[in-house]
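Here's the structure, in structure tokens; my notes come after.
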Amino acid sequence: MTAPVFVVDSLEGVGPGSVVDVDGPEGRHAVSVRRLQPGEHVVLTDGKGRGAAGVVVSVSGKDHMVVEPFEFPVEPEPSPRITVVQALPKGDRGELAVETMTETGVDAIVPWQAARCITQWKGDRGLKALAKWRATAREAGKQSRRLRFPEVADAATTKQVAALLATADFAGVLHSDFEHESRPLASAELPTEGEIVLVVGPEGGVARDELALFEEAGAKAYVLGPTVLRTSTAGTAAAALLLGRTGRWS
């Protein structure tokens, strides 16, 4: 089994001969939940691509661990970079989508308040929901042993999504209306670098005026196959396809 990952605020200045104190919630998880002992291997990361792999030197109290790192891996910037614009699902399916997309390898997630979304992010409720998505991405990044966690942006409007699509090297919209002219994502021509942006609509599908705006911005409509996936799983399935076809899983 690979070593467990713990997040620290910064690894700036950490190198051979350094020791790193891990406390707070991460230290509590290491000491009181996982019950790590001196000599066990761990990986520390800032979640921004830098890591420090080493051994536990000591543990104390309920939330303090000291680590001496000896390797300093770096997870390079991904290419092409994959951003999924995720329409807001019902209930906790949003966190499920974020969790599985993070484990799969998505680089950025943009929550989208689509016209047909039942869920509404307004006021404090919206801020709490966004915080849950970001916490989920962080925990899933640790679980999947990533050093570079996906960015979870502020919730975007349809116009903001269109602007994002307009600047992408590949812009696509997963579409569930098989009567609309769509192409298989499995055979799309993909860039070898730059930015891929893929929109996942809500359970009710992307509204016609939204799709028209996205196509005007340069996006094309795509399908994953002959079946219709739930919005909470479509992004993960599409990301896996893209990661395989672009060579990032090679």
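As the structure is a computational prediction, the values presented were derived from the model and not from experiment.
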Begin from the C-alpha positions of Arg146 and Glu103 and carry the test salt bridge (Lys or Arg N to Asp or Glu O under 4.0 Å) through to its verdict.
-> CA-CA 8 Å; Arg146 291 180 64 168; Glu103 292 172 0; over 6 Å; no
Minimum-distance pair of heavy atoms, taken over all atoms of Leu130 and Ala153 = CD1-O, 3.4 Å
Between Arg248 and Ser79, is there a donor-acceptor pair closer than 3.5 Å when you use the side chain of the first and the backbone of the second?
-> no
If two hydrophobic side chains count as joined below 4.5 Å and joins carry through other members, does Val7 share a cluster with Val20?
-> no
Report the residues that fulfil ring-ring contact (aromatic ring centres under 6.0 Å, His included) with Phe170, sequence neighbours left out, ordered by chain and then residue number.
-> Tyr222
Would the Trp112 and Trp121 ring centres measure less than 6.0 Å apart?
-> no
Shared ILVMFWY cluster between Val31 and Val8, side chains joined below 4.5 angstrom?
-> yes
In terms of side-chain geometry, is the basic nitrogen of Arg81 or Glu151 positioned less than 4.0 Å from the acidic oxygen of its partner?
-> yes
Considering only NZ, NE, NH1 and NH2 on the basic side and carboxylate oxygens on the acidic side, decide whether Asp23 and Lys62 come within less than 4.0 Å.
-> no
Donor-acceptor contacts, no H, no angles, side chain residues 85-97, under 3.5 Å, sequence neighbours left out:
residue : atom : partner : partner atom : Å
Gln86   : NE2  : Thr231  : O            : 3.3
Gln86   : NE2  : Thr231  : OG1          : 2.7
Arg93   : NH1  : Ser232  : OG           : 3.3

Kindly write out the residues that satisfy ring-ring contact (aromatic ring centres under 6.0 Å, His included) with His64, not counting sequence neighbours, or none if the list is empty.
-> none
If you group Ile, Leu, Val, Met, Phe, Trp and Tyr by side-chain heavy-atom gaps below 4.5 Å, do Val110 and Leu198 land in one group?
-> no
Test side chain to side chain contact (heavy atoms under 4.5 Å, CB included) applied to Glu40 and Val42, step by step = CA-CA 7 Å; Glu40 294 193 70; Val42 298; 5.5 Å; no
Transitive ILVMFWY side-chain link Val199 to Leu164, under 4.5 Å = yes
Salt-bridged, Glu203 to Arg230, with N to O below 4.0 Å?
-> yes
Could you tell me whether Asp46 and Arg148 make a salt bridge, using a distance below 4.0 angstrom between a side-chain N and a carboxylate O?
-> no
